[in-house]
Each structure stands twice: as structure tokens, then as C-alpha cells.
Amino acid sequence: STAEEAALQEGFDIGYKQGFTWAKSVGKLRGRLAAKRVVLKDSGSDMELQLEELARRVEQLKYGDSTSELEHRLNQSD
């Protein structure tokens, strides 16, 4: 029925928006992390090791996981 189709479309629209927003935040985090890792590449610094660990944690994220702790840790490395 039309009501069912409308409900399905609404659910899709909400899910798409949430998924896009989450993926965009993860993408930004990956980009910032990659840039910092390039700058510190082969420096042998403690920060380089911390960024490698952060990169591993980013890759382990599952859909819907919060990125706020990882963003905070990355901001501390500025």
C-alpha cells in the first residue's frame, strides 16, 4: 500500500542520513590522521606511535560507534 511505501521510504531516508553523517565523520577523522602520519613519518617519535595506534582503532570502528574519543585524542596531538 501507499502508506507502507511511505513508511519504508521515511525509514530509508532517516537511515541514509544517519549513515552518511557517521561515515563523513569517520572519513574526516581518517583524513586528519593520515595527514598527521605523513608529517611525522619516519620521525621515530612517540607521537608517531600514538598515531599508529589511533589509526588501528579507527579501522576497528563499527557503524554507529562514537568517534568522539578518537577525535579528542587526535586533537590533543595538535
Salt bridge or not for Lys28 and Glu71, using N-O below 4.0 Å?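 Looking at Glu71 together with Lys28, the answer is no, because their closest N to O distance does not fall below 4.0 Å.
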Nearest atoms (heavy-atom pairs only) where [X] meets [Y]:
X: Leu54; Y: Leu33; answer: C-CD2, 3.9 Å
X: Asp42; Y: Glu48; answer: N-OE2, 3.2 Å
X: Trp22; Y: Asp65; answer: NE1-O, 2.7 Å
X: Leu74; Y: Lys36; answer: O-NZ, 3.1 Å

State yes or no: do Leu29 and Met47 share one hydrophobic cluster built from I, L, V, M, F, W and Y residues joined by side-chain heavy-atom distances below 4.5 Å, directly or via other members?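 Same cluster: Leu29 reaches Met47 through Ile, Leu, Val, Met, Phe, Trp or Tyr contacts under 4.5 Å.
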Measure the [atom1]-[atom2] distance between [X] and [Y] for me, rounded to the nearest 0.5 Å.
X: Ser43; Y: Leu49; atom1: OG; atom2: CG; result: 8.0 Å
X: Leu51; Y: Asp46; atom1: CG; atom2: CG; result: 11.0 Å
X: Gln60; Y: Lys62; atom1: CD; atom2: NZ; result: 7.0 Å

Can you establish whether the number of heavy atoms outside [X] located under 6.0 Å from its atom [atom1] is more than 12?
X: Gln76; atom1: CD; value: yes
X: Tyr63; atom1: OH; value: yes
X: Glu4; atom1: CD; value: no

Side chains of Gln9 and Asp13: is there a donor and an acceptor less than 3.5 Å apart?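 Indeed, the side chains of Gln9 and Asp13 share at least one donor-acceptor pair under 3.5 Å.
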With the side chain counted from C-beta on, respond yes when Gln50 and Glu53 share a heavy-atom pair under 4.5 Å apart, and no when they do not.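 Result no, sub-4.5 Å side-chain heavy-atom pair not found.
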Show the numbers, then the answer: is there a side chain to side chain contact (heavy atoms under 4.5 Å, CB included) between Val58 and Thr67? CA-CA 8 Å; Val58 168; Thr67 60; over 6 Å; no
